[in-house]
**Q** 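Dropping a structure here in structure tokens format, bear with me for questions.
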Amino acid sequence: MNISFYMLILTAIVLTIVGILVSEPLLYIFGASDTTIQYALPYMRIYFVGTLFSMIALGMNPFINAQGFASTGMMTIFIGAIANIILDPIFIFGLDMGVQGAAIATVISQILSAIFVLRFLTGKSSELKLKHFKNVEFRGKEIQDVISLGSSSFVMQCTNSLVQIACNSMLSQVGSDLYISCMTVINSVRQILEVPVLTIGDGSSPILSYNYGAGIGKGVKKAIRIITFAGVVYTLVAWMFIILFPQFFIHIFNSEPDLLQIAVPAIHVYFFAFVFQAFQYCGQTVFKSLNKKKQAIFFSLLRKVVIVVPLTFILPHTGFGAMGVFMAEPISNFVGGSICFMTMLATVYFKIGVQNKV
């Protein structure tokens, strides 16, 4: 844990410096226009100042959950979220700071979450305690293990960013800023709806790892069945609500009539194969929990880089226009999710059943 903590601090410092220096070109890469850059740039530069606190809160919180303090880990997120909700209107409207005020409120919220995490991990309740830098022995093997185990999650996040760059780039060519705003809204809806699926995966990961390490094949198979069932049921229900009440989800982030006219059909298309994300997450959770890093990384790259990115550039030029960008997601969910899940069944689930061991 201590090695991870100091590696995290070093990474955060590097990201802060680099991020502030390349903020403007980075925003243009992600699809910012000359109209939106005046709002995005000051926000992003302030936001990068809070990188260290954000990474401490999010990066060290799993060490709280791993000790069995799930409610304490949840409080880390709760404190930051509530503080942000309270501070946003104060800085944006009360102090008339606009976008910069929103960024400052976010950074303060991250600081509060980081303080909470550090106080717990240095307090009496925590079995794992943070040590002073001088008292930590940095072994090459342990550093390599940390990097290795985190590589799959790193690749997943990188591929998500790559997809966003591709989508915004194509929408700026075949659409307009309105279409980019539409994609931003839909991505925000997706992030909200994905939380329960990710929670199911994160919650089941220690169970999968324990049973796998203990050689309890039945426990691994039972966990896989539960993850699959819960994920499929939830994504089906979420998809049904998207189909029936698309305006409700869009209005959470934007209520402009022009955007709503584009966003309703776009969100229907984007979420058409949402249920297959449950199969994707199930497969990748199993691979990651069982330390099968190559498979976890491969299927993340398959769905995002091999399928989504090419389709994002191809479909708009085959008669679908800007809507083709939104069509790339359900196609990748269906193809990538199916292949990932079937591979997991063939290499893990049924293999355990035949050998009656892990």
**Q** Measure across I56 and A114 and return the closest heavy-atom pair with its distance rounded to 0.1 Å.
**A**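 The pair with the smallest heavy-atom distance is CG2-CB, 4.0 Å.
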
**Q** To the nearest 0.5 Å, what is the distance between CE (M342) and OG1 (T347)?
**A**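 Atom-to-atom, M342:CE and T347:OG1 are 12.0 Å apart.
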
**Q** Distance-only, no hydrogens or angles: does the T76 side chain make a donor-acceptor pair with backbone N or O of N61 under 3.5 Å?
**A**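 No, T76 side chain to N61 backbone: no donor-acceptor pair under 3.5 Å.
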
**Q** Is there a continuous path of hydrophobic side-chain contacts, each under 4.5 Å between heavy atoms, that joins L198 to L208?
**A**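 Cluster IDs for L198 and L208 match.
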
**Q** What heavy-atom pair brings F241 and F249 nearest, and what distance separates the two atoms?
**A**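 That would be O-CE1, 3.7 Å.
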
**Q** Taking T122 for the side chain and L118 for the main chain, is one N or O donor matched with an acceptor at less than 3.5 Å?
**A**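 Yes, T122 side chain to L118 backbone: donor-acceptor pair under 3.5 Å.
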
**Q** Could you give the distance from SG (C340) to CZ (F279), rounded to the nearest 0.5 Å?
**A**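 With rounding to 0.5 Å, SG (C340) is 11.0 Å from CZ (F279).
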
**Q** Between atom CD1 of I37 and atom CG of L27, what is the distance when rounded to the nearest 0.5 Å?
**A**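 It is 4.5 Å, given to the nearest 0.5 Å.
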
**Q** Just so I know, are the side chains of L311 and M327 near enough to count as touching, which here means a heavy-atom distance under 4.5 Å?
**A**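 SC-SC contact between L311 and M327 ruled out.
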
**Q** Just so I know, are the side chains of I104 and L87 near enough to count as touching, which here means a heavy-atom distance under 4.5 Å?
**A**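 Heavy-atom side-chain distance check fails, nothing below 4.5 Å.
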
**Q** Looking only at atom types and distance, does a side-chain atom of S113 sit under 3.5 Å from a main-chain N or O of Q110, one as donor and one as acceptor?
**A**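 Side chain of S113 to backbone of Q110, a donor-acceptor pair under 3.5 Å: no, none is there.
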
**Q** Using 0.5 Å steps for rounding, measure from the CE atom of M170 to the CE atom of M183.
**A**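 Here the interatomic distance stands at 11.5 Å.
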
**Q** S172 versus N168: any side-chain heavy-atom pair under 4.5 Å?
**A**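 Counting from C-beta outward, S172 and N168 never come under 4.5 Å.
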
**Q** Does I180 offer a backbone N or O that forms a donor-acceptor pair with the side chain of T184 under 3.5 Å?
**A**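 A pair under 3.5 Å: yes.
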
**Q** Under the 3.5 angstrom rule, does the side chain of Y234 hit a backbone N or O of L193 as a donor-acceptor pair?
**A**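 Yes; at least one donor-acceptor contact below 3.5 Å.
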
**Q** If hydrophobic clusters are built from ILVMFWY residues whose side chains come within less than 4.5 Å, do I226 and F229 share one?
**A**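 No, it is not one cluster - the side chains of I226 and F229 are not joined through contacts under 4.5 Å.
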
**Q** Looking only at heavy atoms, which two atoms of A266 and M323 are closest? And how far apart?
**A**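 Answer, listing the atom of A266 first, then M323: CA-SD, 3.9 Å.
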
**Q** Can you check whether I242 reaches I267 side chain to side chain, under 4.5 Å on heavy atoms?
**A**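 In contact.
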
**Q** Distance check, rounded to the nearest 0.5 Å: L302 atom CG versus T343 atom OG1?
**A**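 Here the interatomic distance stands at 9.0 Å.
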
**Q** Are I77 and L58 close enough that some pair of their side-chain heavy atoms sits under 4.5 Å apart?
**A**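 The answer is yes; the side chains approach within 4.5 Å.
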
**Q** Do E329 and R303 come close enough that some side-chain heavy atom pair is under 4.5 Å?
**A**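 With C-beta onward as the side chain, the pair touches.
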
**Q** Which distance, rounded to the nearest 0.5 Å, do you find between the CD1 of I227 and the OG of S204?
**A**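 Spacing of CD1 (I227) from OG (S204) equals 3.0 Å.
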
**Q** Minimum heavy-atom separation for T72 to F116, with atom names?
**A**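 Scanning both residues, the minimum pair turns out to be O-CE2, 3.4 Å.
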
**Q** Take Y349 and R225 through the side-chain contact (heavy atoms from CB on, under 4.5 Å) test and state the conclusion after the steps.
**A** CA-CA 9 Å; Y349 189 86; R225 289 196 299 269; 3.0 Å; yes

**Q** Answer whether the closest heavy-atom distance between the side chains of Y179 and I262 falls below 4.5 Å.
**A**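 Yes. Closest side-chain heavy atoms under 4.5 Å.
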
**Q** Checking I115 against F53 for the side-chain contact (heavy atoms from CB on, under 4.5 Å) test, could you report, in this order, the C-alpha distance in whole Å, the side-chain angles of both residues, the deciding distance, and whether it holds?
**A** CA-CA 8 Å; I115 291 173; F53 308 108; over 6 Å; no

**Q** Pairs of donor and acceptor atoms involving the side chains of residues 10-19, under 3.5 Å and at least two apart or interchain, shall be tabulated with distances.
**A**
unit_1: T11; atom_1: OG1; unit_2: M7; atom_2: O; d: 2.8
unit_1: T16; atom_1: OG1; unit_2: A12; atom_2: O; d: 2.7
unit_1: T16; atom_1: OG1; unit_2: F48; atom_2: O; d: 3.4

**Q** Is there a donor-acceptor contact under 3.5 Å from the side chain of S289 to the main chain of V286?
**A**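 Not a single qualifying donor-acceptor pair exists.
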
**Q** Has the side chain of T318 got a donor or acceptor atom that lies under 3.5 Å from a matching backbone atom of L315?
**A**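 Side chain of T318 to backbone of L315, a donor-acceptor pair under 3.5 Å: yes, one is there.
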
**Q** Decide if the gap between the ring center of F63 and the ring center of F5 is smaller than 6.0 angstrom.
**A**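 Centroid distance F63-F5: not below 6.0 Å, so no.
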
**Q** Using modelled atom types only, decide if a donor and an acceptor are shared between the side chain of S332 and the backbone of V308 within a distance under 3.5 Å.
**A**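 Checking the backbone N and O of V308 against the side chain of S332, no donor-acceptor pair under 3.5 Å is found.
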
**Q** Under a 4.5 Å side-chain heavy-atom rule over Ile, Leu, Val, Met, Phe, Trp and Tyr, are F271 and V335 clustered together?
**A**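 Hydrophobic grouping puts F271 with V335.
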
**Q** Do I111 and I20 land in one hydrophobic cluster if side-chain heavy atoms of ILVMFWY residues count as linked below 4.5 Å?
**A**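 Different clusters.
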
**Q** If you group Ile, Leu, Val, Met, Phe, Trp and Tyr by side-chain heavy-atom gaps below 4.5 Å, do Y47 and L41 land in one group?
**A**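 No, it is not one cluster - the side chains of Y47 and L41 are not joined through contacts under 4.5 Å.
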
**Q** I'd like to know whether E256 forms a side-chain contact (heavy atoms from CB on, under 4.5 Å) with Q261, so could you lay out the CA-CA distance, the side-chain angles of the two residues, the decisive distance to 0.1 Å, and finally the verdict.
**A** CA-CA 9 Å; E256 293 182 11; Q261 188 176 2; over 6 Å; no

**Q** What heavy-atom pair brings R45 and S23 nearest, and what distance separates the two atoms?
**A**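 Scanning both residues completely, I find the closest heavy atoms to be CG-OG, 3.6 Å.
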
**Q** Is a donor on one side and an acceptor on the other found under 3.5 Å between the side chain of N211 and the backbone of I207?
**A**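 Yes: the side chain of N211 pairs with the backbone of I207.
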
**Q** Could you check F274, F276, F341, F272 and say which one makes a ring-ring contact (aromatic ring centres under 6.0 Å, His included) with F334?
**A**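 So, applying the ring-ring contact (aromatic ring centres under 6.0 Å, His included) to F334 and each of F274, F276, F341, F272, only F276 qualifies.
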
**Q** Using side-chain contact (heavy atoms from CB on, under 4.5 Å), reason through K304 and V309 one step at a time and then give a plain yes or no.
**A** CA-CA 6 Å; K304 297 290 187 179; V309 173; 5.8 Å; no

**Q** Look at the rings of F287 and F299 and say which category their plane angle falls in: under 30° parallel, 30 to 60° tilted, over 60° perpendicular.
**A**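 Correct class here is parallel.
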
**Q** For I186 and A263, which heavy atoms make the closest approach, and how far apart are they?
**A**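 It is CD1-O, 4.4 Å.
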
**Q** If we only count heavy atoms from C-beta on, is the M44 to L26 side-chain gap below 4.5 Å?
**A**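 Heavy-atom side-chain distance check passes, below 4.5 Å.
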
